[in-house]
Asker: 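Please find one structure pasted underneath; my questions will follow.
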Amino acid sequence: MIAPNDEAREVRTTCPYCGVGCGVLARVAADGSVAVRGDPDHPANLGKLCSKGSALGETLGLNGRLLHPEIGGKRTDWNVALDLVARRFSETITSHGPDSVGFYVSGQLLTEDYYVANKLMKGFIGSGNIDTNSRLCMASSVAGHRRAFGEDIVPGTYEDFEQADLVVLTGSNAAWCHPVLYQRLLAARAARGTRIVVIDPRRTATVADCDLHLAIRPGTDVLLFNGLLAHLARTGAVDAAYVAAHTGGFDEAVALAGADAPTVRRVAEGCDVAPADIERFYSWFATTGRSVTVYSQGVNQSAHGTDKVNAIVNCHLATGRIGRPGMGPFSVTGQPNAMGGREVGGLANQLAAHMGFDNPADVERVARFWNAPRTARRAGLKAVDMFEAAADGRIKALWVMGTNPAVSMPDARRVREALKRCDFVVVSDVVHTDTTRFADVLLPAAGWGEKDGTVTNSERRISRQRPFVSRPGEARPDWWTVTEVARRMGFSEAFDYSGPAAIFREHAALSGFENEGARLFDIGDLADVGDAGYEAFSPRHWPARRGSKAADRLLADGRFPTADGRARFIAVRQEGPALPVDAAHPIALNTGRLRDQWHTMTRTGLVPRLMANAPEPALEINPADAAEIGLREGDLARLDSRYGGGRAKVRITDGQRRGEAFLPMHWSGRFAANAAAGPLSTPLADPLSGQPELKHVPVRISREPVEWAGVLMTRRDLRPTGFVHWSRAAVAGGWVYELCGTESPDQGILLARGLLDIVPRDQLLEYTDRRGQSFRAAATDAAGGLMEALMVGRPGQLPGRDWLLSLLASGEPLSPLDRRALLSGRAPVPMPAVGRIVCSCFSVGINQIAAAITRGCSSVEEVGKMVRAGTNCGSCRSEIKAILDMSRLQAAE
Ligand SMILES: Nc1nc2c(c(=O)[nH]1)N[C@H]1C(S)=C(S)[C@@H](COP(=O)(O)OP(=O)(O)OC[C@H]3O[C@@H](n4cnc5c(=O)[nH]c(N)nc54)[C@H](O)[C@@H]3O)O[C@H]1N2
Ligand SMILES: Nc1nc2c(c(=O)[nH]1)N[C@H]1C(S)=C(S)[C@@H](COP(=O)(O)OP(=O)(O)OC[C@H]3O[C@@H](n4cnc5c(=O)[nH]c(N)nc54)[C@H](O)[C@@H]3O)O[C@H]1N2
Ligand code: SF4
Ligand SMILES: [Mo]
């Protein structure tokens, strides 16, 4: 139970999910429940929250929480655990040198946590071996920005989305992944008629509201933007004065772009898009001054991600559209503190405060500031290489903080092997995960609502996360854990902080230290914010230079943080995928996100209403490919790449191009037998940024000959073993487990029946049909409420489960009528099925929406008025629109 801090008070904090960085107001009620709402005063969201943000209050339970430090799986106390971590790291460094240890950290840490982890590794251990899951996320943008601008700068602000006349979203499913920002864009579009172009191989939810969708062949972004640059040059759309005054390398870039993409026809062929669509995009871009190009993982997560970024930035440089209202390239950040991590230098090839190893003066400056003569002189190992080094014994002690690499790293099988082989693995996390299983020492971290510090969002706005509940058990904030280990390693003086405010002050001071405008990341003005000022801190952009006026946008004056003050065009050429499809692996697998899930589901997977829209891991595939492989909707597909395998249910959609398929990245081993994207994905990475090509891996897809299917509804949190496939979803009152297998039905029944072995015989009602093909079982508690219900049969022949789920949810004693009907699985009195949940904020099902349409609703707004769907966060509005369109089509037929 959560203890209320102060019942009456609403605490102002920030959402811990995506990089939009919405302000949240949280209030703890007397019964310990937490209510959240959007902070109307936060400039990022002005009161709005998406489905995930709205459900934050439901993620704060103790389910799966780590409450005590553990060594070798046994509870211990903090002192013993910290002593051991410090001793093992120190001993390893003494015997094998500083590069024999590593930290793998996360954009989900707060800036203060991140700062001290980076300081310990780079400054005091003296190795560059700290890298972060941002390597899988932002590294290509960072590298592209540094090449073009001289520093990792996102010049614009969210207002640019609202002030633009053209917004190009490329490799971004913003409707689902940056929902509140996307809703801001749609509101602006309604007001000013903004044109939206979406460049994505898939027809995503973001496509629903766009003017033009370019469903390009995956990986051909460089060609597309090279073609645009050549078009701009050809048609006189280049801002020649800007190019001459503020840039370098234009001629080389245009020459290569022209050679790579000489004609629209060539681009159209390469990108596999109609020439007229390419022409329309080019002419809109050429003629619309106020244009913003938003890019995310379809750009970054590529073996040529850095080139993709520069191909985009080139077009903005050529038109001088950088840093001015409604203009600019805009890399949206994924994690809540991806931006903050870049500020503190969390990537192995960066130093702190936007300084780099490539400049010896930077290294000396940081060393001087920290008073750390041992400061690393060279970059450390990037994520993929770091785990490779852990696998082959070069790294002997590894500390993983705030990330779940056993699931989210590419070639995750190899990563698990590395975690197994590495001599000493420390994991700091909030909950048990697939990664914590490999920990020699497990350190319980404070989670959202307990932590205290700052994060920076996509538009460089620093906001506070503030605690509003007490930490359960012995959970501790990460900054504390890191500094305690640092002290025990002999670095007391450098890690003597009174709290996060003191760390923040030092971080701010370092950013301003000997800066004089050389680095745009400068928040020196915040270096002497007092504890009270830090507590009251309201969201603000960086930079915040001492003695200078705060600026929202950057680079508007055409001066860039390079040696000569000019931006650089980068000449780039379209290359093929690192690993092309071939006869053995003919389908290109794309992976990414769903609307209501966050990464490896450690929080969102526990919330029934967030599980309702997409309750099972599903592979999306084109109808023609499905037919060729012999797959039908709902079949079980088997996937094999060169690295690993997986299984997921089949979802056939023409939103998927031929020869390609899409698997969500979310289902870890805690939520499904074997449906994670990580083991399938390739570790081949961009040579400059080290970011792996997570959006493209060749796979073979085949049909599993499923002979039986089952469903278990239970109050228990269990992990089935021995099944070809299972997945589970949180539901009110417990969990629902989908089971299936290739064994004969009678074997399947035996296997599934085993899940009830723990239930006392006398509480169990059972029924098997005469031919042994169909099985039902149910158990009630002492008061007669439904505890367990299991149904097994031939695939496609199980009764609906809405009624049994409603009994599980209510937990109340069953009526004699219900009890008699239990084994049939069918309600004695028919109940209307709401169908698959579309609106997760108000739990509105597809059948309710269809009924509203039948009753005359003809727009998303009218549906919203009648059944509330789509009226809160708006993330499901595109799906409601699709349902409306579909019913119109059906009516016309
Ligand atoms: N609901 C939800 N939101 C999230 C997250 C989450 O887990 N769930 N995670 C957050 C994080 S950390 C991140 S990084 C962001 C990611 O946000 P996004 O990048 O928007 O999300 P993804 O689904 O990873 O990928 C975006 C799109 O890239 C497309 N794509 C694939 N290959 C190519 C290509 O070659 N070219 C182009 N142009 N497009 C391609 C994919 O089809 C996909 O639709 O989302 C953040 N927001
Ligand atoms: N195939 C494929 N793989 C991908 C991607 C993809 O698109 N496709 N996307 C990549 C991207 S962009 C990202 S960002 C990564 C995300 O991948 P991960 O970082 O592995 O994903 P999460 O599930 O968010 O894991 C975060 C963990 O940190 C814990 N945690 C949360 N807050 C704190 C805290 O304050 N302290 C500590 N110590 N722990 C905390 C959570 O409980 C959780 O276990 O996945 C990458 N992997
Ligand atoms: S858009 Fe949603 S997930 Fe992202 S910060 Fe806002 S509420 Fe959180
Ligand atoms: Mo990310």
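First listed ligand is number 1; within each ligand, the first listed atom is number 1.
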Asker: Got the residues with a heavy atom under 4.0 Å of ligand 1, by chain and number?
Answerer: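 Within the 4.0 Å shell of ligand 1, which is judged on heavy atoms, sit Cys18, Lys52, Cys137, Thr170, Gly171, Ser172, Asn173, Trp176, Cys177, His178, Ile199, Asp200, Pro201, Arg202, Thr204, Ile216, Pro218, Gly219, Asp221, Ser296, Gln297, Gly298, Lys308, Gly334, Gln335, Asn590, Gly592, Arg593, Leu594, Arg595, Gln597, Trp598, His599, His666, Lys695.
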Asker: Is the Trp598 ring parallel, tilted or perpendicular to the Tyr17 ring (thresholds 30°, 60°)?
Answerer: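 If you compare the ring of Trp598 with that of Tyr17, the planes turn out tilted.
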Asker: For Thr111 and Asn337, does a side-chain donor sit closer than 3.5 Å to a side-chain acceptor?
Answerer: yes
Asker: Give the minimum heavy-atom separation between Val309 and Ser140, together with the two atoms involved.
Answerer: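 Val309 and Ser140 have their closest heavy atoms at CG2-O, 3.8 Å.
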Asker: Looking at Ala174, is its backbone amide N or carbonyl O close enough to the side chain of Thr206 to form a donor-acceptor pair, meaning the two atoms are under 3.5 Å apart?
Answerer: yes
Asker: So which heavy atom on Leu694 is nearest to which on Pro410, and how close?
Answerer: CD2-CB, 3.7 Å
Asker: Is the ring pair Tyr282/His231 parallel, tilted or perpendicular, if the boundaries are 30 and 60 degrees?
Answerer: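 Tyr282 and His231: tilted rings.
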Asker: Please answer whether the main-chain N or O of Ala44 pairs with a side-chain N or O of Arg184 as donor and acceptor at a distance below 3.5 Å.
Answerer: yes
Asker: Checking Asp625 against Arg658 for the salt bridge (Lys or Arg N to Asp or Glu O under 4.0 Å) test, could you report, in this order, the C-alpha distance in whole Å, the side-chain angles of both residues, the deciding distance, and whether it holds?
Answerer: CA-CA 6 Å; Asp625 290 322; Arg658 240 204 118 176; 3.2 Å; yes
Asker: Let me see the working for Arg573 and Asp260 under salt bridge (Lys or Arg N to Asp or Glu O under 4.0 Å), right down to the final yes or no.
Answerer: CA-CA 6 Å; Arg573 175 193 290 126; Asp260 201 30; 5.3 Å; no
Asker: Quick one: give me the number of protein N/O/S atoms under 2.8 Å from atom 6 (Fe) of ligand 3.
Answerer: 1
